[in-house]
Asker: 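Have a look at the structure that comes next, please.
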Amino acid sequence: MKREGEVPSYYAGDLSAAGQRFAIVASRFNDFITKSLIEGATDCLLRHGAKVSDIDTYWVPGALELALVAQEIARTAKYDAIIALGAVIRGETSHYDVVVSQSATGLAKVAMENSIPVLNGVLTTEDLDQAIARSGTKSGNKGYDVALGAIEMVNLLTEISKAD
């Protein structure tokens with residue numbers, strides 16, 4: 001309950017990646033898109049103070065395999081956040097819907113079960129042009145955006161653990 005004259009506590013993660021370790025898990029399927037997302041994520045992490053030696057990239061065959069590798073990475077407790085990157089482009093069958101749903105659900109489960117930020121940077125697009133636009137052209141680079149979110153989440157969780 002807020003009392004007259006009191007200000008509520010406010011918590012937000014800052015954007016410094018100094019001293020943090022990041023794992024990037026990347027889907028090899030549509031790798032020409034994923035490589036651009038990795039470049040964007042790495043650029044963001046380095047610009048915000050991470051060192052090259054604090055960023056490791058793990059390649060998996062496709063988006064459905066991201067969660068399993070993220071789970072194993074989380075269990076190592078070597079990283080402060082996991083960034084999952086890939087591109088799922090709608091095709092002619094309903095397989096797209098299954099892959100999108102299952103990969104997102106799996107990544108969210110890893111985060112919740114391991115109390116580690118797992119940022120979902122898997123592009124889900126209707127066509128190749130949309131994927132290209134979101135991986136570094138006119139719509140920016142979603143890899144960069146997701147990495148920025150990872151930095152913020154690591155710092156916010158640190159603040160929460162300090163607030164007793």
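Counting begins at 1 with the first residue of the sequence.
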Asker: Can you give each donor-acceptor pair under 3.5 Å made by side-chain atoms of residues 54-69, sequence neighbours left out, with the distance rounded to 0.1 Å?
Answerer:
{"residue": "D56", "atom": "OD2", "partner": "R21", "partner atom": "NH2", "Å": "3.0"}
{"residue": "D56", "atom": "OD2", "partner": "Y79", "partner atom": "OH", "Å": "2.5"}
{"residue": "Y58", "atom": "OH", "partner": "Y79", "partner atom": "OH", "Å": "2.6"}
{"residue": "E65", "atom": "OE1", "partner": "G62", "partner atom": "N", "Å": "2.8"}

Asker: Would you check if I132 and I33 make a side-chain contact, meaning some heavy-atom pair closer than 4.5 Å?
Answerer: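 They are in side-chain contact.
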
Asker: Which residue pairs satisfy the salt bridge (Lys or Arg N to Asp or Glu O under 4.0 Å) criterion with at least one member in residues 77-88, sequence neighbours excluded?
Answerer: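 Checked against salt bridge (Lys or Arg N to Asp or Glu O under 4.0 Å) - neighbours excluded - no pair reaches residues 77-88.
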
Asker: For A70, enumerate each residue passing the side chain to side chain contact (heavy atoms under 4.5 Å, CB included) test, keeping only those at least two apart in sequence or located in another chain.
Answerer: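 Side chain to side chain contact (heavy atoms under 4.5 Å, CB included) list for A70, sorted by chain: I82, L107, V110.
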
Asker: Could you pull out the closest heavy-atom pair between A41 and A147, with the gap in Å?
Answerer: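 Where A41 meets A147 most closely, the heavy atoms are O-CB, 3.6 Å.
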
Asker: Without placing hydrogens or testing angles, list every side-chain donor-acceptor pair under 3.5 Å for residues 122-129, not counting sequence neighbours.
Answerer:
{"residue": "T125", "atom": "OG1", "partner": "D127", "partner atom": "O", "Å": "3.1"}
{"residue": "E126", "atom": "OE1", "partner": "R90", "partner atom": "NE", "Å": "2.9"}
{"residue": "E126", "atom": "OE2", "partner": "R90", "partner atom": "NE", "Å": "3.3"}
{"residue": "E126", "atom": "OE2", "partner": "R90", "partner atom": "NH2", "Å": "3.4"}
{"residue": "D127", "atom": "OD1", "partner": "D129", "partner atom": "N", "Å": "3.2"}
{"residue": "D127", "atom": "OD1", "partner": "Q130", "partner atom": "N", "Å": "2.9"}

Asker: Evaluate the side-chain proximity of T34 to R28: yes if any heavy-atom separation is below 4.5 Å, no if none is.
Answerer: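 No, side chains not in contact.
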
Asker: Could you tell me whether the side chain of V154 reaches within less than 4.5 Å of the side chain of L156, counting heavy atoms only?
Answerer: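 Sidechains of V154 and L156: no contact.
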
Asker: Is any side-chain heavy atom of I151 closer than 4.5 Å to one of S16?
Answerer: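 Not in contact.
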
Asker: With clusters defined by side-chain heavy atoms of hydrophobic residues (ILVMFWY) lying less than 4.5 Å apart, directly or transitively, does L45 cluster with V52?
Answerer: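 Yes: a chain of side-chain contacts under 4.5 Å links V52 to L45.
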
Asker: Can you name the side chain to side chain contact (heavy atoms under 4.5 Å, CB included) partners of A133, sequence neighbours left out?
Answerer: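 For A133 the side chain to side chain contact (heavy atoms under 4.5 Å, CB included) partners, ignoring immediate neighbours, are T137, K138, S139.
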
Asker: How would you list, by chain and number, every residue that makes a side chain to side chain contact (heavy atoms under 4.5 Å, CB included) with T105, sequence neighbours excluded?
Answerer: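 If we apply the side chain to side chain contact (heavy atoms under 4.5 Å, CB included) test to T105, skipping adjacent residues, the hits are S101.
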
Asker: Go through the structure and list residues passing salt bridge (charged side-chain N to carboxylate O under 4.0 Å, His left out) with E113, not counting sequence neighbours.
Answerer: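 Testing E113 for salt bridge (charged side-chain N to carboxylate O under 4.0 Å, His left out), a comparison that skips the adjacent residues, returns K109.
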
Asker: List the residues meeting side chain to side chain contact (heavy atoms under 4.5 Å, CB included) with Y144, not counting sequence neighbours, and say none if there are none.
Answerer: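 Y144: side chain to side chain contact (heavy atoms under 4.5 Å, CB included) contacts with D43, C44, R47, H48, N141.
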
Asker: Give me the atom names and distance for the closest heavy-atom approach of G91 to Y96.
Answerer: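 Shortest heavy-atom contact: N-CB, 4.4 Å.
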
Asker: Using the test side-chain hydrogen bond (donor to acceptor under 3.5 Å, both in side chains), find all partners of Q20 that sit at least two apart in sequence or belong to another chain.
Answerer: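 Scan of Q20 (side-chain hydrogen bond (donor to acceptor under 3.5 Å, both in side chains), adjacent residues dropped) gives N155.
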
Asker: Not counting sequence neighbours, list each pair that qualifies as a salt bridge (Lys or Arg N to Asp or Glu O under 4.0 Å) and has a residue in residues 145-156.
Answerer: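 Output for this query lists K142-D145.
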
Asker: Could I get the full list of salt bridge (charged side-chain N to carboxylate O under 4.0 Å, His left out) partners for K51, not counting sequence neighbours?
Answerer: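 Residues passing salt bridge (charged side-chain N to carboxylate O under 4.0 Å, His left out) with K51: none at all.
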
Asker: Determine, step by step, whether T42 and I24 satisfy the side chain to side chain contact (heavy atoms under 4.5 Å, CB included) criterion, reporting the C-alpha distance in whole Å, the side-chain angles of both residues, the deciding distance to 0.1 Å, and the verdict.
Answerer: CA-CA 9 Å; T42 302; I24 297 173; 3.9 Å; yes

Asker: Heavy atoms, side chains only, cut-off 4.5 Å: are V118 and V25 in contact?
Answerer: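 No. Closest side-chain heavy atoms not under 4.5 Å.
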
Asker: Quick check on the hydrophobic clustering: are L37 and L46 connected, directly or via other members, by side-chain heavy-atom contacts under 4.5 Å?
Answerer: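 Same cluster.
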
Asker: Please enumerate all residues that pass side-chain hydrogen bond (donor to acceptor under 3.5 Å, both in side chains) together with R75, with sequence neighbours excluded.
Answerer: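 If we apply the side-chain hydrogen bond (donor to acceptor under 3.5 Å, both in side chains) test to R75, skipping adjacent residues, the hits are E72.
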
Asker: Indicate if F29 and I38 have the same hydrophobic cluster label, given that clusters are the connected sets of ILVMFWY residues with side-chain heavy-atom separations under 4.5 angstrom.
Answerer: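 Cluster IDs for F29 and I38 differ.
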
Asker: What distance separates M153 CE from L148 CG, expressed to the nearest 0.5 Å?
Answerer: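 The CG atom of L148 is 12.5 Å from CE of M153, to the nearest 0.5 Å.
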
Asker: Taking atom CD of E39 and atom CG of L85, what is their separation to the nearest 0.5 Å?
Answerer: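 Here the rounded value is 11.5 Å.
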
